[in-house]
Peer 1: 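Got a structure for you, questions after.
Everything numeric here is computed off the predicted structure, so don't read it as measured data.
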Amino acid sequence: MKKIGQIRNIGIIAHIDAGKTTVTERVLFYTGRSHKIGEVHDGEAVMDWMPDEQERGITITSAVTTCQWDNCDIQIIDTPGHVDFTIEVERSLRVLDGAVGVFCAVGGVEPQSETVWHQADDYLVPKIAFINKMDRVGADYFRTIDMIKQRLNARPLVMQIPVGSEDNFRGVIDLLHMRQIIWETDRADMPFSTGEIDSDLQEMAAEYREKMIEAVAEADDTIMEAYLEEAEITPQQLREAIRKATISLQLVPVLCGSALKNKGIQPLLDAVVKYLPSPLEAPPIQGRKLDSGEKAAFDAKEKGPTVALIFKVSMIEGRKLSYVRVYSGRIRAGGEVYNPFRQKSEKISRILKMHANKRERMDEAGPGAIVGVVGLKDSSTGETLCDKSTPVLLEQMKFTKPVISISIEPKTHDDQEKLPQVLEKLMAEDPTLHVKQDEDTGQTLLSGMGELHLEVVTSRMHREYNTNVNVGKPQVVYRETIGKQASGQGVFDREVAGQRHFAEVSLTVRPLSRGSGMQFTSTASEEMIPAQFVGAVEKGVREAMEYGELMGYPVVDVEVVVTGGVFRESLGSALGFSVAASMACREAFSSAGPYLLEPIMKVEVFVPESFMGEVIGDLNARGGKIESIAAKGENQIISAIAPLSKMFGYTTALRSASQGRGTFTMKFSHFDRM
């Protein structure tokens with residue numbers, strides 16, 4: 001492994017079909033990591049190794065690999081672009097130091113590009129933009145840059161301008177060194193040539209170089225001084241200033257190319273090394289000490305305390321493989337680490353350097369490393385690994401709640417025996433996948449992020465675990481809430497296992513604004529409910545919230561205030577107060593005007609103008625509300641919100657309404673009254 005300053009941890013992020021995996025395949029080829037380019041459309045991409053990915057031609061799971069360029073180790077995570085697999089992007093961005101946003105020069109900034117870009121903003125990840133597909137009909141480099149400015153609220157720094165466009169796209173002008181880079185053919189093994197800028201492009205290049213220097217000067221005082229004094233600014237000075245401005249999230253360097261035609265990848269690799277941060281330049285990871293609870297920051301130091309994060313778990317050949325990012329200290333094969341969340345020590349049996357689904361053994365890994373670890377039995381996604389002597393907790397990862405369910409039932413007796421273990425393994429891998437038993441029907445309900453998500457999960461059950469299930473129709477996962485304030489009282493007076501328990505709890509429930517979740521407070525005095533039992537009361541309230549009065553869905557947007565209670569010496573117990581609180585909640589809910597909330601989806605439809613009337617009519621019939629219509633090239637973008645319950649089978653409906661030319665993306669927006 002290289003020194004910490006020579007490591008780059010990057011992710012490739014973008015909308016589905018912008019060319020992320022194609023870019024990654026070229027990166028692997030030009031860095032010598034693979035000797036043959038695998039094409040997504042042939043199902044041969046190295047990074048799309050799952051059978052489901054190869055069949056569908058999309059990325060489903062984020063894959064990790066390492067390659068070398070310009071004396072640096074570049075660790076790459078290729079992430080999915082489909083909205084159903086946003087969790088894969090979320091957990092990857094949590095551990096990355098930089099990202100390359102890939103945009104289609106024809107489609108520009110598409111809905112999922114916005115989602116992943118803002119996810120990267122949330123984690124303060126510095127970014128480079130690569131505008132791909134410059135060879136396609138309708139490619140517009142400068143329109144895409146304007147969209148990056150407007151839609152992503154970013155400050156793009158144009159570092160290249162294209163030479164030719166569409167079929168005639170031949171290369172780029174490097175504005176930093178004022179030279180032209182030309183790829184003579186589309187063949188991957190043909191070298192490019194650098195030389196003088198064509199005379200008809202010199203004026204345009206000079207204009208954009210001036211704009212580039214102005215943008216850098218605004219972000220860097222030294223360049224500003226030199227610029228105002230009209231002194232010469234060297235490429236080296238500019239490069240250092242651009243690096244600083246990129247790492248501090250002030251600027252986003254923009255490059256262009258055509259990954260499929262093998263153009264533009266080498267300069268992109270140079271930009272990754274030159275402008276994205278090493279682990280030393282990334283902000284120290286924040287956590288809190290377990291013993292004192294105070295905040296602590298950990299730099300990327302080999303001799304520091306061990307601090308690492310599990311960001312993903314995979315089941316490979318029946319064994320649990322944990323993907324770990326090391327922030328500080330070192331982890332060793334055969335060594336022990338401590339999981340403060342579980343309060344358990346774990347033994348690391350093997351450390352693996354990952355290349356998609358291939359692995360090579362390592363003895364140890366230091367700060368900045370992203371590795372596979374075998375041997376962690378109890379640890380799970382989002383949990384911290386550290387030294388037992390200095391326990392520390394890193395901030396936990398947030399996972400989106402599922403919005404759609406299907407019922408599954410095993411086909412044979414054999415499948416029935418295997419199903420619980422298979423579901424357990426799949427849930428360990430994917431925190432957005434939930435399983436529960438419907439108490440009324442006895443059915444097993446599998447909940448996820450969308451129809452495609454659940455389709456892939458059931459396909460994997462069959463392929464990887466040889467477990468076959470019958471799948472019931474998709475169902476919407478609703479929520480319940482209340483319409484008015486109400487009070488309730490619960491009394492628990494019962495003998496359990498030879499001991500009498502008594503507790504009484506009074507509480508009030510009030511509706512909160514949409515999206516507030518659940519809030520709990522207690523105003524009861526110590527005589528009514530002793531301090532040691534307030535936690536048990538809250539536990540009872542939260543358990544009652546799991547199953548609403550109407551249809552047993554979770555209750556949200558409610559404030560519960562415990563107003564009183566009765567405690568009897570020697571009879572009061574945690575069990576009694578927990579059950580009494582649960583009973584009081586149920587009584588209050590039933591008289592508080594409970595009603596259902598349904599998931600509302602944000603839908604963006606791309607459709608040629610001639611089919612717009614039919615598509616809008618269909619959306620209106622589904623209870624959708626049109627929010628805006630905008631032109632993008634020959635297509636129109638219809639933005640709408642619609643209830644998920646009415647959007648099942650929309651793919652087929654849109655195809656028939658637009659003669660197969662319409663596409664759409666759909667993501668969860670909010671819950672609203674049904």
Peer 1: Would you check if there is a donor-acceptor pair between the side chains of Ser639 and Glu604 at a distance under 3.5 Å?
Peer 2: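 Judged by distance alone, the side chains do pair up.
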Peer 1: Under 4.5 Å between any side-chain heavy atoms of Val558 and Phe589, yes or no?
Peer 2: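 Side chain of Val558 against side chain of Phe589, heavy atoms only: contact under 4.5 Å found.
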Peer 1: Main chain of Leu454, side chain of Thr458: is a donor-acceptor contact present, judged purely on distance under 3.5 Å?
Peer 2: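 Such a contact is found between Thr458 side chain and Leu454 backbone.
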Peer 1: In plain terms, say whether Glu559 and Arg510 are close enough for a salt bridge, that is, a side-chain N and a carboxylate O under 4.0 Å apart.
Peer 2: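 Judged by the 4.0 Å cut-off on N to carboxylate O distance, Glu559 and Arg510 do form a salt bridge.
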Peer 1: Are any non-hydrogen side-chain atoms of Leu644 and Ile600 less than 4.5 angstrom apart?
Peer 2: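 A side-chain contact under 4.5 Å is absent here.
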Peer 1: Where the side chain of Ser516 meets the backbone of Ser513, is there a donor-acceptor pair that is under 3.5 Å apart?
Peer 2: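 At least one qualifying donor-acceptor pair exists.
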Peer 1: Any chance the side chains of Glu549 and Ser590 put a donor and an acceptor closer than 3.5 Å?
Peer 2: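 Result is no, nothing qualifies.
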Peer 1: Checking Glu409 side chain against Val469 main chain: does a donor-acceptor pair fall under 3.5 Å?
Peer 2: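 No; zero donor-acceptor contacts below 3.5 Å.
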Peer 1: Carefully, step by step, assess Leu93 and Ile13 under the rule side chain to side chain contact (heavy atoms under 4.5 Å, CB included).
Peer 2: CA-CA 9 Å; Leu93 287 169; Ile13 59 171; 4.2 Å; yes
Peer 1: Under the side chain to side chain contact (heavy atoms under 4.5 Å, CB included) rule, what do Lys320 and Ser322 come out as? Steps first, then yes or no, please.
Peer 2: CA-CA 6 Å; Lys320 184 173 169 184; Ser322 306; 4.3 Å; yes
Peer 1: Salt bridge (charged side-chain N to carboxylate O under 4.0 Å, His left out), that's the test. Do Glu546 and Arg542 meet it? Break it down for me.
Peer 2: CA-CA 7 Å; Glu546 288 293 309; Arg542 290 193 182 276; over 6 Å; no
Peer 1: Report the relative orientation of the aromatic rings in Tyr553 and Tyr478; use parallel for angles under 30°, tilted for 30 to 60°, perpendicular for over 60°.
Peer 2: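 If you compare the ring of Tyr553 with that of Tyr478, the planes turn out perpendicular.
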Peer 1: We want to know whether Glu383 and Asn339 form a side-chain donor-acceptor pair, criterion being a heavy-atom distance below 3.5 angstrom.
Peer 2: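 Yes, a side-chain donor-acceptor pair sits under 3.5 Å.
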Peer 1: Just wondering, more than 12 heavy atoms not from His670 lying within 6.0 Å of its NE2?
Peer 2: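 Atom NE2 in His670 is packed in, count exceeds 12.
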Peer 1: If you define the side chain from C-beta out and look only at heavy atoms, does anything of Gln532 sit under 4.5 Å from Phe577?
Peer 2: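 Not in contact.
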Peer 1: Are any of the side-chain heavy atoms of Pro554 and Tyr547 separated by less than 4.5 Å?
Peer 2: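 Side chain of Pro554 against side chain of Tyr547, heavy atoms only: no contact under 4.5 Å found.
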Peer 1: Testing the 3.5 Å rule here: is there a donor-acceptor pair between the side chains of Thr412 and Asp414?
Peer 2: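 Absent: no donor and acceptor within the cut-off.
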Peer 1: State whether the number of non-hydrogen atoms from other residues, nucleotides or ligands found under 6.0 Å of Gln421 atom CD is greater than 12.
Peer 2: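 Result for CD/Gln421: enclosed.
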Peer 1: To the nearest 0.5 Å, what is the distance between OH (Tyr465) and CG (Leu423)?
Peer 2: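 If we round to the nearest 0.5 Å, Tyr465:OH and Leu423:CG are 10.5 Å apart.
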Peer 1: Looking at Phe311, is Arg325 sitting on its ring face, NZ or CZ under 6.0 Å from the six-membered ring centre and within 45 degrees of the normal?
Peer 2: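 Relative to the ring axis of Phe311, which defines the angle, Arg325 lies outside at least one limit.
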Peer 1: How about CZ on Arg479, more than 12 heavy atoms from neighbouring residues, nucleotides or ligands closer than 6.0 Å, or not?
Peer 2: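 Counting other residues, nucleotides and ligands, CZ of Arg479 exceeds 12 neighbours.
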Peer 1: Is it true that Glu495 and Arg500 have a side-chain N and a carboxylate O under 4.0 angstrom from each other?
Peer 2: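 Salt bridge absent between Glu495 and Arg500.
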Peer 1: Under a 4.0 Å N-O cut-off, is there an ion pair linking Lys539 with Glu543?
Peer 2: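 Yes, charged N to carboxylate O under 4.0 Å.
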Peer 1: Is it the case that over 12 heavy atoms from other parts of the model lie below 6.0 angstrom from the NZ atom of Lys418?
Peer 2: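 Buried by this count: over 12 neighbours within 6.0 Å.
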Peer 1: Ala584 and Gly490: which non-hydrogen atoms are nearest, and at how many Å?
Peer 2: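 Where Ala584 meets Gly490 most closely, the heavy atoms are CB-N, 3.5 Å.
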Peer 1: If only side-chain N and O atoms count, and only distance matters, is there a donor-acceptor pair under 3.5 Å linking Asn153 with His118?
Peer 2: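 Short answer, no.
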Peer 1: Are the side chains of Ile641 and Glu627 in touch, meaning some heavy atoms are under 4.5 Å apart?
Peer 2: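 In short, these two side chains touch, coming nearer than 4.5 Å.
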Peer 1: Among Asp415, Leu446, Val456, which residue satisfies the side-chain contact (heavy atoms from CB on, under 4.5 Å) criterion with Met461?
Peer 2: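 Filter result, single survivor: Leu446.
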Peer 1: Phe502 and Val566: which non-hydrogen atoms are nearest, and at how many Å?
Peer 2: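 Heavy atoms only, the tightest pair is CE2-CG1, 3.8 Å.
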Peer 1: Any chance the side chains of Ser506 and Thr563 put a donor and an acceptor closer than 3.5 Å?
Peer 2: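 The criterion, which ignores hydrogens and geometry beyond distance, is not satisfied for Thr563 and Ser506.
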Peer 1: Looking at Tyr595, does the NZ or CZ of Arg673 lie under 6.0 angstrom from its six-membered ring centre and within 45 degrees of the ring axis?
Peer 2: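 Yes, Arg673 lies over the aromatic ring of Tyr595.
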Peer 1: Check whether any side-chain N or O of Ser407 sits under 3.5 Å from a backbone N or O of Thr444 as a donor-acceptor pair, and report yes or no.
Peer 2: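 No, the answer is negative, given that no donor and acceptor are paired below the 3.5 Å cut-off.
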Peer 1: Do Thr508 and Gln485 have side chains that approach each other closer than 4.5 Å (heavy atoms only, starting at C-beta)?
Peer 2: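 Of all side-chain heavy-atom pairs linking Gln485 with Thr508, at least one is under 4.5 Å.
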Peer 1: Just do the side-chain hydrogen bond (donor to acceptor under 3.5 Å, both in side chains) check on Ser389 and Asp387 with the steps written out, would you?
Peer 2: CA-CA 5 Å; Ser389 54; Asp387 294 322; 4.9 Å; no
Peer 1: For Arg514, does the CZ atom have more than 12 heavy-atom neighbours from other residues, nucleotides or ligands under 6.0 Å away?
Peer 2: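 Above 12, so yes.
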Peer 1: Tell me, with the steps shown, if Phe298 and Val392 meet side chain to side chain contact (heavy atoms under 4.5 Å, CB included).
Peer 2: CA-CA 10 Å; Phe298 298 91; Val392 60; 3.4 Å; yes
Peer 1: Using side-chain heavy atoms (C-beta onward) and a distance below 4.5 Å, is Arg94 in contact with Leu394?
Peer 2: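 Answer yes - side chains close enough.
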Peer 1: Nearest 0.5 Å, please: how far is NZ in Lys295 from CZ in Arg288?
Peer 2: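 Spacing of CZ (Arg288) from NZ (Lys295) equals 10.5 Å.
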Peer 1: Are Leu385 and Ser379 packed together at the side-chain level, in the sense that at least one heavy-atom pair is separated by less than 4.5 angstrom?
Peer 2: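 When only atoms from C-beta onward are counted, Ser379 and Leu385 do touch, with a gap below 4.5 Å.
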Peer 1: Do the side-chain N and O atoms of Gln489 and Glu504 include a donor-acceptor pair separated by under 3.5 angstrom?
Peer 2: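 A donor-acceptor contact under 3.5 Å links the two side chains.
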Peer 1: Taking Glu480 for the side chain and Pro594 for the main chain, is one N or O donor matched with an acceptor at less than 3.5 Å?
Peer 2: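 Not a single qualifying donor-acceptor pair exists.
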